[in-house]
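Worksheet: one structure, shown below.
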Amino acid sequence: MDGADGQAAKRVALLFTQFPVATETFLQREVIALQRCQRDWPVFALWPTSEGGVESMTATHTFHRWHLLSLFWWIPYWTIRNPKGMRSLAEVLVSARVPNFINFSETLLGFAYGIARARTLAGRFDHFHAVWASAPATAAWVLYKLTGIPYSMAGHAYDLYEDGGDGLLETKIPEARFIRTSTDTGRDRWKQLGSPSDTIHVIRRGLLKFPKLDPAPAAAPEEPYQLLAVGRLVEKMGYSVLLQILARLKRSGLPFRATIVGSGPLMGSLQRRAKRLDLEDYLEFTGGLPFHEVTWYYREADLFLFSGQVAQSGDRAGFPNAIGEAMAWGVPVCASSVGAVQEGVHDGQTGLLYTDPDEAVEKISQLFSDPARYAAIRQSARQWAEEEFDACRNMERFARLVEAACP
């Protein structure tokens, strides 16, 4: 039974591209939050995770490579059973926009999964929710075309922006029961893509538990100041700009130690550039770490740095979860105003916003020289996180939205 209203429990399946993924711990938190809300909805992954050592508290139903062989049976089956549906799938696939190779591969994966799993899942669920607007949403749309089971989808950043967004967004939008995004900026993007306003719902990410903080400090942090950045080492995170900020801080004489937590394709080039800027004694690259180890860095940090930018492909961050996590730890954030960052980081209130490295250096120096202002921003940042970044509260709202969309 549904604990909220006593009605029969809704049978909902959550569709992921891969699960779990080390850099997507926020998705694991959301699944756990749903379970705490008494929605133990099963997780289906379209492809096995390629990252070893990533543990999850949730069982995952994974689609493996050898399952693709079943298409030799299911394509003829559905062509006979639902010729109209298969014809519409073929027409869309042939005419699909191809923004890039990765998205085209995800489109094929979504089609393959939907066709191969439609018969198996048809009688088991009332609704499919795709956590990304790319491959999972394509699979959900295919399942809908073959079985009539409704779906909803979510889109937040790369699936909306990279090379114009997923190639089938315009196809999937009209038939989705609702669309979830985690920022007001994402909502505006969905509107641009043609989604009706009343189908878009902004539901933020969040933490399962908020850390206990010491009272706001009466004085500025002790020197050297501990600066922290967390995120994948990719173009849209703008780490080259962050290195410029650190180099300028060094020249200004500000005593600091900086840590970059994360891994990615730009690791080598960023390390070489840091060496050229003579930052070796000031900066540490930790590589990727599990979330429980990252929390130690949040606890020790005096300032969180975010240097996101719009990549050449158009991709950008939405509201980075690392910013919300830092704010929950009461760590002031100094960030570039890109994507949806300004929705949580309000300049001079819950954090600092900058437009170029020189402005960032000036604002950081001023903040550390004003203990009262530092304490006020620290407190306001934590308050925003408690109000907006609570995973259990946010996922309860999401769960009710899904249940309302079920037949």
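Positions are given from 1 along the sequence.
Applying the side chain to side chain donor-acceptor pair (under 3.5 Å) rule to Q383 yields the partners E387; only residues at least two apart in sequence or on another chain are considered.
Counting heavy-atom neighbours within 6.0 Å of L93 CG, excluding the residue itself, gives a total above 12. Atom CD of Q312 has 12 or fewer heavy atoms from other residues, nucleotides or ligands within 6.0 Å. The number of heavy atoms from other shown groups lying within 6.0 Å of CZ (R119) does not exceed 12. Heavy atoms of other residues, nucleotides or ligands lying less than 6.0 angstrom from CZ of R232 number 12 at most.
Using bins of under 30°, 30° to 60° and over 60° for the plane-to-plane angle, the ring pair H64/W66 lands in the parallel bin.
T183 and H156 share no side-chain donor-acceptor pair at under 3.5 Å. Counting only N and O atoms by type, the side chains of Y297 and T286 include no donor and acceptor under 3.5 Å apart. Checked by atom type, the side-chain pair Y113/R117 shows no donor-acceptor distance below 3.5 Å. Side-chain N/O atoms of Y282 and R257 include no donor and acceptor closer than 3.5 Å. Looking at E343 and T185, their side chains do bring a donor and an acceptor atom within 3.5 Å of each other.
Judged by the 6.0 Å distance and 45° axis criteria, R205 is not positioned over the aromatic ring of F319. Seen from the ring of F291, R29 counts as a face-on cation partner, given the 6.0 Å and 45° thresholds. Both cation-pi conditions hold for R316 and Y161: the charged atom is under 6.0 angstrom from the six-membered ring centre and inside a 45 degree cone around its axis.
The side chain to side chain contact (heavy atoms under 4.5 Å, CB included) with L168 is formed by just one residue from the set I173, N103, V92; it is V92. For the pairing with T138, the side chain to side chain contact (heavy atoms under 4.5 Å, CB included) check across K172, E106, M153 returns one residue only, K172. With Y225 as reference, F368 is the one residue of F368, F256, Y374, F304 to meet the ring pair (Phe, Tyr, Trp, His ring centres under 6.0 Å) rule. Residue F125 forms a ring pair (Phe, Tyr, Trp, His ring centres under 6.0 Å) with just one option from Y144, Y151, F44, and that option is F44. None of H129, R177, H201 except one satisfies the side-chain hydrogen bond (donor to acceptor under 3.5 Å, both in side chains) rule with S152; the exception is H129.
Counting heavy atoms from C-beta on, the side chains of L227 and L249 come closer than 4.5 Å. L303 is listed as a side-chain neighbour of I364, based on a closest heavy-atom distance under 4.5 Å. Considering only heavy atoms from C-beta on, T60 stays 4.5 Å or farther from T49 through its side chain. A heavy-atom distance below 4.5 Å is not found between the side chains of K275 and Q271.
A salt bridge links D390 with R393; the closest basic N to acidic carboxylate O contact falls under 4.0 Å. A salt bridge links E175 to K145: at least one charged side-chain nitrogen sits closer than 4.0 Å to a carboxylate oxygen. Salt bridge R97/D166: absent, no basic N to carboxylate O contact under 4.0 Å. In this structure, E30 does not pair ionically with R397, as no charged nitrogen and carboxylate oxygen lie closer than 4.0 Å. Residues K10 and D126 are not paired through a salt bridge, judged by the lack of any N-O separation under 4.0 Å between the basic side chain and the carboxylate.
Note that OG1 of T17 and CG of L109 are 7.5 Å apart. Values are rounded to the nearest 0.5 Å. The distance from atom CG of L305 to atom OG1 of T259, rounded to the nearest 0.5 Å, is 10.5 Å.
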*Does the pair I260 and L228 meet the rule for a side-chain contact (heavy atoms from CB on, under 4.5 Å), with working shown?*
CA-CA 6 Å; I260 295 177; L228 176 65; over 6 Å; no
_Test log, rule side chain to side chain donor-acceptor pair (under 3.5 Å), inputs S134 and Y158_ = CA-CA 9 Å; S134 50; Y158 88 96; 3.0 Å; yes
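In this structure, N321 contributes its side chain and F26 its backbone to no donor-acceptor pair below 3.5 Å.
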